[in-house]
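Every number for a ligand or one of its atoms is a count from 1 in the order of the listing. The residues of the chain are indexed from 1 along the displayed sequence.
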Amino acid sequence: MMRKNDRAVIEITDIGVNGEGIGRTDGYTLFVKDAVIGDRVEVKVMKAKKNYGYARLMTILEPSPYRILPRCRFARQCGGCQMQEMSYDRQLVYKEQKVRGSLERLGGTDGDLLDKIMEPIVGMVEPFGYRNKAQFPLGTDKTGKPVTGFYAGRTHDIIANTDCALGAPVNKDILEIILVFMKKHNIPAYDEKTGDGLIRHVLIRCGFVTKEIMVCLVINGAKIPHSNELIKTLSEIPGMTSITISVNMRQTNVIMGESFEVLWGQGYITDYIGKIRYQISPLSFYQVNPVQTEKLYLTVLEYADLKGDEVVWDLYCGIGTISLFLAQRAKKVYGVEIIPQAIENARENARLNGIDNAEFFVGKAEEVLPEYYGKMRGTLESGGGVSAATMDSARESAPGAHADVIVVDPPRKGCDAVLLETIVEMAPERIVYVSCDPATLARDVKALRGKGYEMEKVRAVDMFPMTVHVETCVLLQRRTM
Ligand code: SAH
């Protein structure tokens, strides 16, 4: 066992769930932030438990062959990136192994099967500047000047940096304009502790396809003094489409206010994922990496293998992005999502794209699907002793009782057991599982494999380079009895 302040020399052999390096000395495990797999390092123990401890990286004795200079000089302090000091190729290997390891260890999947069905991870050609959305907090530095940047890991201390390597280059211009304006007119940044000050956050969104730009200032007050001057300068930025304010006077961690007001231009920007067009307001949810999102959705479409006459359910559908992608190739798509505004957006997006074969329901997937299925099945069964042809026509008029393909894209905690049972009862030909957490994916896939489904394909997509997150798409096919 080691004690606080002990020093050790270790080889980093693994990566933890938060991107930290992991090394062992005499069977004792040390977690070392900023250490990269393959590094030989000297560390100092900061916190010691019985079998493991957390240590600080003191000296890199021998750098890993995968260690690179980070693009951003704040990479270590900032909470946004965890892996900038590891080469991108190695990051992809790490993510692929993380998915594979989960399916193997937690999902009880045979290694030979995984050898056969795991497809190469889909990485980015340019793994920087990929985010179309940024929310910059404002604060005041020690000299009283307004600053903006990012929170240091696990704190609310602002690291002054207007030039995040993951964001759009235009962010810097916009933020500098706002800081200069605040200084000139002595407009104070909001202070979380006292609740005083005016400007809380700046939200910037960019349409990567359309090149449209949105700026929304979140303020602790009714308006910004001299705002015409700010609007004039911001509106001269090429692509500027929407300048808004959102009033948030509550002392809360929630960034946005409940509504917004247009100061200049329109209240939304437009962007595309594939052929589908979206109107994005300051309050709408929208995928932050549109380039990789398209690759993920194309994977879903490929795995769903639609011919045009299928009934498809898209559970946890958000603003209906996957549903609308699938609707281009299916007879009917049903989307289910718990957040009512997201469903409003989904319906608007369907209308905007002239898609009329998608229907959306608000509610928990684990409640909506069983209810709908039970009801529809009831309609079918009440016929009693009817001919196959009548059953078929009943099926036609109550298509919700039947599903050819079910897509799920749950949050980190995965699918509810009741939902998985209902899916199995509905017996779709294919289930396409999109997951942001390999551990719950492995758990749910294991349950489905035990109930007549076989895992046929697995493909990870890197939606968030430089971070530890990874998305996975899995195809499960119903076994023929
Ligand atoms: N498929 C969408 C969003 C997936 S994120 C896209 O690609 O953009 C997961 C979504 O599940 C979120 O929108 C969240 O609000 C929703 N959600 C969380 N729990 C849910 C539940 N029990 N039932 C239905 N939706 C849920």
Shortest protein heavy-atom distance from atom 25 (N) of ligand 1, along with the residue and atom involved = Ile338 N, 3.3 Å
query = So is there a nitrogen or oxygen of Ile322 less than 3.5 Å from a nitrogen or oxygen in ligand 1?
reply = no
inquiry  = Can you report which non-hydrogen protein atom sits closest to atom 7 (O) of ligand 1, along with the distance?
reply    = Tyr297 OH, 2.7 Å
inquiry  = Applying a heavy-atom cut-off of 4.0 Å, say which part of Thr321 lies close to ligand 1: side chain, backbone, both or neither.
reply    = side chain
query = With distance as the sole criterion, is a donor-acceptor pair present between the side chains of Tyr88 and Asp462 under 3.5 Å?
reply = yes
query = Is Tyr286 near ligand 1, meaning one of its heavy atoms is under 4.0 Å from it?
reply = no
ask   = Within a reach of under 6.0 Å around CZ of Arg73, are more than 12 heavy atoms found that belong to other residues, nucleotides or ligands?
value = no
inquiry  = Suppose we measure from atom 4 (C) of ligand 1 to each protein heavy atom; which comes out shortest, and what is that distance?
reply    = Asp409 OD2, 3.2 Å
request  = Measure the distance from atom 19 (N) of ligand 1 to every protein heavy atom, then report the residue, atom name and distance (to 0.1 Å) of the closest one.
outcome  = Pro411 CG, 3.9 Å
message = Suppose we measure from atom 26 (C) of ligand 1 to each protein heavy atom; which comes out shortest, and what is that distance?
response = Tyr316 CD2, 3.4 Å
inquiry  = Let's go through Met124 and Glu126 carefully: what are the C-alpha distance in whole Å and the side-chain angles of both, what is the deciding distance for side chain to side chain contact (heavy atoms under 4.5 Å, CB included) to 0.1 Å, and is it a yes or a no?
reply    = CA-CA 5 Å; Met124 293 196 82; Glu126 170 54 36; 5.9 Å; no
query = Is there a donor in the side chain of Glu176 and an acceptor in the side chain of Thr162, or the other way round, less than 3.5 Å apart?
reply = yes
ask   = Under 3.5 Å, is there a donor-acceptor pair between the Asn132 and Tyr286 side chains?
value = no
remark   = When distances are taken from atom 15 (O) of ligand 1, the protein heavy atom at minimum range is Glu337 OE2, 2.7 Å
query = Does at least one non-hydrogen atom of Cys436 fall below 4.0 angstrom from an atom of ligand 1?
reply = no
remark   = atom 23 (N) of ligand 1 has as its nearest protein heavy atom Ala365 N, 2.8 Å
query = Got a salt bridge between Asp305 and Arg329, using NZ or NE/NH1/NH2 to carboxylate O under 4.0 Å?
reply = no
task = May I ask you to identify, for Ile339, whether its side chain, its backbone, both or neither come under 4.0 Å of ligand 1 on a heavy-atom basis?
result = side chain
key: Ala342, portion touching ligand 1 at heavy-atom distance under 4.0 Å   = neither
query = When you measure from atom 22 (N) of ligand 1 to every protein heavy atom, which one gives the shortest distance, and what is it?
reply = Glu366 OE1, 3.1 Å
request  = For the residue pair Thr270 and Tyr278, confirm or rule out a side-chain donor-acceptor distance under 3.5 Å.
outcome  = no
query = More than 12 foreign heavy atoms under 6.0 Å from CZ of Arg76: is that the case here?
reply = yes
task = Tell me, with the steps shown, if Val122 and Gln292 meet side chain to side chain contact (heavy atoms under 4.5 Å, CB included).
result = CA-CA 8 Å; Val122 182; Gln292 293 303 92; 4.2 Å; yes
